[in-house]
Amino acid sequence: MSAGDGYRGRGGLVGYLFAGPYLVAYGALLVYPLLAGMALSLHKADLFGGREFVAFENYRRLVSDTVFRQAVGNTLYFTLLTVPALTVISLALALALNKAGRLAAFFRGVFFSSSVLSVTIVTLIWRFVLTPDGGLIANGLKAAGRAPIPFLSDPHLALPGIALTTVWWCLGLPMMLFLAGLQQIPGELYEAAALDGTSAWRTFWRITLPLIGRTLLVVVLIESVMQFQLFGQSQIMTQGGPNGASRPIVLFIYEVAFRRWDVGYAASASEVLFALILLASALQYAATRERRR
Amino acid sequence: MTAAGVKGPSLAGFTPAGLAGVALAAAVMITPLLWTVGLSLKPNFELMRDTSSVFGPPYTLENYRAILANSNVFRWVFNSTVVSLSTTFGVLALSSLAGYAFARLEFRGRRALFVAVLLGLAIPEQAVIIARHQMFSALHLHNTYPGLILPGLSAPFGVFLMTQYFRGIPVELDEAALLDGASHFTIFWKVLLPLTLPAQATLGIFTFLASWNDYWWPLISATRSSMFTLTVGVASSQMNFAQTSGLGYLMAQAVFASVPILIVYALFQQHIVRAVAGAATR
């Protein structure tokens, strides 16, 4: 009997002892609430323990609920506002900062720094950048002789205002992912292109972009999943207003569950969100698998 | 623009246009922070008249003095510290133990359990938070430290990371120790764990940051002001904006609340970048 056999052979109970503590936490705090939430979505339930099985009634209600439909639309619109902007800006920064030296490292640090702040600090800062009543942008416009823009109180500007805040907050991560992707490209390719006198523009389209294609896909999918879960910025900056114009799905869930205590109905909305996120995660998994092969 | 760009040693590898563009973008990035610091240094009554007064003196530390006199903020910093450190320690312990088991030990259902844990990576907070809130209500855990700490311990990312890391360590190390009569715990604690320090650092910093900045769970679990974390506390003061003593005070609070995490960032910048990027692409 080799050492390896004996080692593996008598590990039965020991394995459970080592993995047990985490598995208990996993089962009790993640799997159980997940299943309980699914069950909850089939009930009419309130804060006081009243519970009545209603099958798919909550889901039927969702489909015809104009507030929920508006929230779905807002969420998709917000994702469209932020993800392309985040992708393009962070790729441009990564291309510019993909070099050795302290200056580039300093700039990378600057662009990542906002990412470590909490959502409540970011919104606190940006409310007083965006407010037409003496905000930073309003001061700039006043100096240029222009009228202030009521970002957060205009239904057409509330989500763009929140998107601007979010792009400022979230730039760091996609930039770092792009930098990691750019590091994988062999330097000889650029040397060859430089010898041939290829322009920087052509080099980007012909060499860089094809070689970071997977990174690009991963960034777009990760950011889509993240921005789809917009919550804190809307909850703090606009409370979803005006007239629900900036209420995303997660804020809808929060309000229904923890303000109106219609928990069964909120659970059904969270299952819909879960399904959408699962779809994007599956795409991300497929994309990263391809890349690793 | 790229690595093949013109090499100008005086510009540290940047082209003039590239450097100008980056510097401009950095200025746009930093301006909101400078604006916040500027407002925090102005007397409230002056800001109420006109915020453009920020561009000239007089400046004052009055708003920071007001924060120091307000014990709530210190309580919130303390709560955040307790919660984030406990969560980090708990995640490191549970993930290392489980990672060792999944990478090195044979037990019934190991493969299936590991797949189940990996599937957990795809579960978003929104799908569990309502039922978890009801569960914690039934257990009377809201407005307690365990109530704020426990949910973070179930995150599967650490187990995934540690299992991968243990698998990368040559198995000959454990076999030699086993021949010397070492127990599994000795092998785990004395032989392998010291080798996982880089992964521990990455996981620890990532967990601390995520816990410190967590908003939704503490928002619904800690409803008493004395149990707020800093993140929730800062939100509550800006929600009550009309009742607070003014803009300069709020901005001083934003600066004050940023300081702890910016210090952590300055100390562990490389680790943080690696941890966050690693967690995103897992």
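It should be emphasised that the depicted structure is a prediction, and the values quoted were computed from it without experimental measurement. All values below were derived from every heavy atom in this structure, side-chain atoms included, with hydrogens, water molecules and symmetry-related copies excluded. Reminder, nothing fancy here: chain letters follow the sequence lines and each chain counts from 1.
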Would you call A:Tyr22 and B:Leu113 a side-chain contact if the rule is heavy atoms closer than 4.5 Å?
no

Taking it one step at a time, do A:Leu30 and B:Arg132 satisfy side chain to side chain contact (heavy atoms under 4.5 Å, CB included)?
CA-CA 8 Å; A:Leu30 205 66; B:Arg132 192 190 269 164; 3.7 Å; yes

Among residues at least two apart in sequence or on other chains, which ones pass side-chain contact (heavy atoms from CB on, under 4.5 Å) with A:Ser115?
A:Phe112

Is any side-chain heavy atom of A:Phe18 closer than 4.5 Å to a side-chain heavy atom of B:Phe185?
yes

For A:Tyr265, side-chain hydrogen bond (donor to acceptor under 3.5 Å, both in side chains) partners two or more places apart
A:Asp65

Are the side chains of B:Met251 and A:Leu124 in contact, using a 4.5 Å heavy-atom criterion?
yes

Would the distance check show the side chain of A:Thr120 and the main-chain N or O of B:Thr231 forming a donor-acceptor pair, the cut-off being under 3.5 Å?
yes

Ranked by heavy-atom pairs below 4.5 Å to chain B, first place among A:Ala19, A:Gly101, A:Ala100, A:Ser113 goes to A:Ser113

Ring-ring centroid check A:Phe128 B:Trp35, cutoff 6.0 Å:
no

Just by distance, do the side chain of B:Tyr265 and the backbone of A:Ser114 share a donor-acceptor pair under 3.5 Å?
no

Within the 4.5 Å heavy-atom criterion, are A:Trp168 and B:Thr31 side-chain neighbours or not?
no

Donor-acceptor check, side chain of B:Thr51 to backbone of A:Gly134, threshold 3.5 angstrom: yes or no?
yes

With the side chain counted from C-beta on, respond yes when A:Ile121 and B:Gln253 share a heavy-atom pair under 4.5 Å apart, and no when they do not.
no

Heavy-atom pairs under 4.5 Å with chain B are the metric here; pick the option from A:Phe111, A:Trp201, A:Trp126 that has the most.
A:Phe111

So what's closer than 4.5 Å to chain B heavy atoms on A:Ala266: side chain, backbone, both or neither?
both

Check: A:Ser118 and B:Tyr215 side chains under 4.5 Å, non-hydrogen atoms
no

Who among A:Asn139, A:Val110, A:Val263 has the most heavy-atom pairs with chain B under 4.5 Å?
A:Asn139

Could you look at A:Leu171 and say if it's the side chain, the backbone, both or neither that has a heavy atom under 4.5 Å from chain B?
side chain

Return yes if some donor-acceptor pair links the side-chain N/O of A:Tyr254 with the main-chain N/O of B:Ile220 below 3.5 Å, else return no.
no

Measure up the B:His133 and A:Trp261 rings against each other and bin them: parallel (under 30°), tilted (30 to 60°), perpendicular (over 60°).
tilted

Whatever's closer than 4.5 Å to a heavy atom in chain B on A:Ile89 counts as neither

Heaviest contributor of heavy-atom pairs below 4.5 Å to chain B, chosen from A:Ala282, A:Ala104, A:Ala269, A:Pro174, is A:Ala104

Check for a donor-acceptor pair, side chain of B:Arg110 on one end and backbone N or O of A:Gly15 on the other, with a separation under 3.5 Å.
no

With a 4.5 Å limit on heavy-atom distance, are the side chains of A:Phe231 and B:Leu219 in contact?
yes

Main-chain N/O of B:Phe107 paired to A:Tyr16 side chain as donor or acceptor, under 3.5 Å
no

Using only atom types and a distance under 3.5 Å, with no angle test, would you say the side chain of B:Asn213 pairs donor to acceptor with the backbone of A:Val116?
yes

